[in-house]
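Notes follow the structure.
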Amino acid sequence: MSAFREEDPRINSIRTKIRLVPNFPKQGIDFLDITTLLLDPKAFKNTIDMFVERYKNKNISVVAGIEARGFIFGPPIALAIGAKFVPLRKPRKLPGEVISEEYTLEYGSDCLEMHLGAVQRGECALVVDDLVATGGTLCAAMNLLERAGAEVVECACVIELPALKDR
Amino acid sequence: MTSRNVEDRIQKISSVIRVIPDFPKPGIMFQDITTLLLDTKAFKDCIDLFVERYKDKNISVVAGVEARGFIFGPPIALAIGAKFVPLRKPGKLPGEVIREEYSLEYGEDIMEMHVGAVNAGERAIIVDDLIATGGTLRAALNLLEHVGVEVVECTCLIELPELKGRDRLGDKPLFVLVSAS
């Protein structure tokens with residue numbers, strides 16, 4: 001369910017800035033490209049503001065962002081609400097000791113990692129990515145945080161592809 | 001804001017960066033900024049220091065190098081009213097791209113930017129977490145200059161001065177918060 005009623009005028013300014021690129025990364029996939037949103041400072045700011053308004057008084061102390069496009073939206077939200085930012089990364093990128101969560105892709109599997117000690121038991125967390133499709137990546141992210149004892153308050157994405165029945 | 005205040009903030013930032021020995025391979029002391037991101041005040045101070053430096057310089061483009069440049073670039077861009085342009089590994093950007101090849105210690109890599117992301121004559125800064133040999137930043141610089149952008153400065157949290165990355169940038173200014181030797 002969208003967090004905001006369609007009447008919020010900022011939604012349209014954001015939606016129109018997202019570019020659809022057909023047949024990427026392969027034939028038949030319509031890729032939703034947020035880089036064009038980032039080229040419009042006002043629309044990018046509106047995007048962040050809408051998330052901040054929703055999360056600022058919810059006692060959230062952790063914003064976890066999924067590599068790599070979650071790194072673009074997560075930190076500005078974290079800074080604005082006074083939370084720490086925790087990057088969730090592909091294997092072997094994080095230099096310290098990590099916990100890993102494997103998840104399935106359409107073909108094969110992948111793995112998401114988080115630094116040990118990044119979150120404390122009982123913290124309230126938000127997971128951020130640019131887009132939710134099947135939800136596999138977000139589930140892996142939630143599992144990582146919950147294994148570390150955090151409570152995932154919500155997952156926040158700029159775009160949802162509801163046809164893929166992610167929730 | 002006094003210079004003592006700047007020094008204090010830099011000192012704090014430096015103290016929360018974690019050094020991990022032998023990563024990604026033996027002999028390398030890896031400068032880990034993820035611990036900085038866990039310190040809300042230090043992370044904010046870090047962004048503020050960059051914003052204070054660039055906010056009245058008519059900069060319309062903040063280009064960030066994948067992936068850690070994506071963490072620091074967007075908050076700076078938002079605060080100074082500039083657009084954010086991600087510079088990515090090959091095959092990640094979905095639209096038409098221009099690419100720049102650059103050498104690594106062993107082998108080569110490619111950096112890509114979307115066609116049309118920037119316009120000739122725009123003023124830009126390039127952001128990454130760290131400059132080592134300068135190869136990555138040099139590639140980013142080339143990408144932007146090839147399309148007529150004026151790169152005002154390259155900006156990083158950390159410099160490894162022994163690797164002389166600064167020289168690789170030629171006459172392009174480099175600004176860093178912390179020098180790690």
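Chain letters run A, B, ... following the sequence lines, proteins first and then strands; every chain starts at 1. Heavy-atom basis, side chains included; hydrogens, waters and symmetry copies ignored.
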Pairs table: donor-acceptor atoms between chain B and chain A closer than 3.5 Å:
residue: B:R18; atom: NH2; partner: A:H115; partner atom: ND1; Å: 3.4
residue: B:R18; atom: NH2; partner: A:H115; partner atom: NE2; Å: 3.3
residue: B:T34; atom: OG1; partner: A:H115; partner atom: ND1; Å: 3.0
residue: B:L37; atom: O; partner: A:F85; partner atom: N; Å: 3.0
residue: B:F84; atom: N; partner: A:L38; partner atom: O; Å: 3.0
residue: B:H114; atom: ND1; partner: A:R19; partner atom: NH2; Å: 3.4
residue: B:H114; atom: ND1; partner: A:T35; partner atom: OG1; Å: 3.0
residue: B:H114; atom: NE2; partner: A:R19; partner atom: NH2; Å: 3.2

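When B:G64, B:G116, B:P75 are compared by the number of non-hydrogen pairs under 4.5 Å with chain A, B:P75 comes out ahead. When the candidates B:G69, B:P94, B:A117, B:A79 are compared by the number of heavy-atom contacts under 4.5 Å with chain A, B:P94 comes out ahead.
The hydrophobic cluster containing B:F30 does not contain B:I158, counting ILVMFWY residues as joined when their side-chain heavy atoms lie under 4.5 angstrom apart, directly or transitively. Grouping the Ile, Leu, Val, Met, Phe, Trp and Tyr side chains by contacts below 4.5 angstrom, directly or via other members, places A:L20 with A:V158. Residues B:L141 and B:V115 share a hydrophobic cluster, clusters being chains of Ile/Leu/Val/Met/Phe/Trp/Tyr side chains in contact below 4.5 Å. Following chains of ILVMFWY side-chain contacts shorter than 4.5 Å, one can reach B:I10 starting from B:I76, so the two form part of one hydrophobic cluster. The cluster map of Ile, Leu, Val, Met, Phe, Trp and Tyr, joined by side-chain heavy atoms under 4.5 Å apart, puts A:L138 and A:V62 in the same cluster.
Within the 4.5 angstrom heavy-atom criterion, no atom of A:L37 approaches chain B. If you measure heavy-atom distances from A:F31 to chain B, the contacts under 4.5 Å come from the side chain alone. Residue A:A83 touches chain B through its backbone alone, counting heavy-atom pairs closer than 4.5 Å. Contact of B:F43 with chain A is made through backbone and side chain together, with heavy-atom distances under 4.5 Å. Contacts between B:I71 and chain A at a heavy-atom distance below 4.5 Å involve backbone atoms as well as side-chain atoms. Proximity to chain A involves both the backbone and the side chain of B:F70, based on heavy atoms less than 4.5 angstrom apart. Both the backbone and the side chain of B:A67 come within contact range of chain A, judged by heavy atoms closer than 4.5 Å. Proximity to chain A (any heavy atom under 4.5 Å) is shown, for B:L38, by both the backbone and the side chain. Both the backbone and the side chain of A:P95 have a heavy atom closer than 4.5 Å to some heavy atom of chain B. Heavy-atom distances place the side chain of B:P86, and not its backbone, under 4.5 Å from chain A.
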Subject >> Intermediate values then yes/no, side chain to side chain contact (heavy atoms under 4.5 Å, CB included), B:V85 and A:L39 >> reply: CA-CA 7 Å; B:V85 175; A:L39 298 181; 3.8 Å; yes
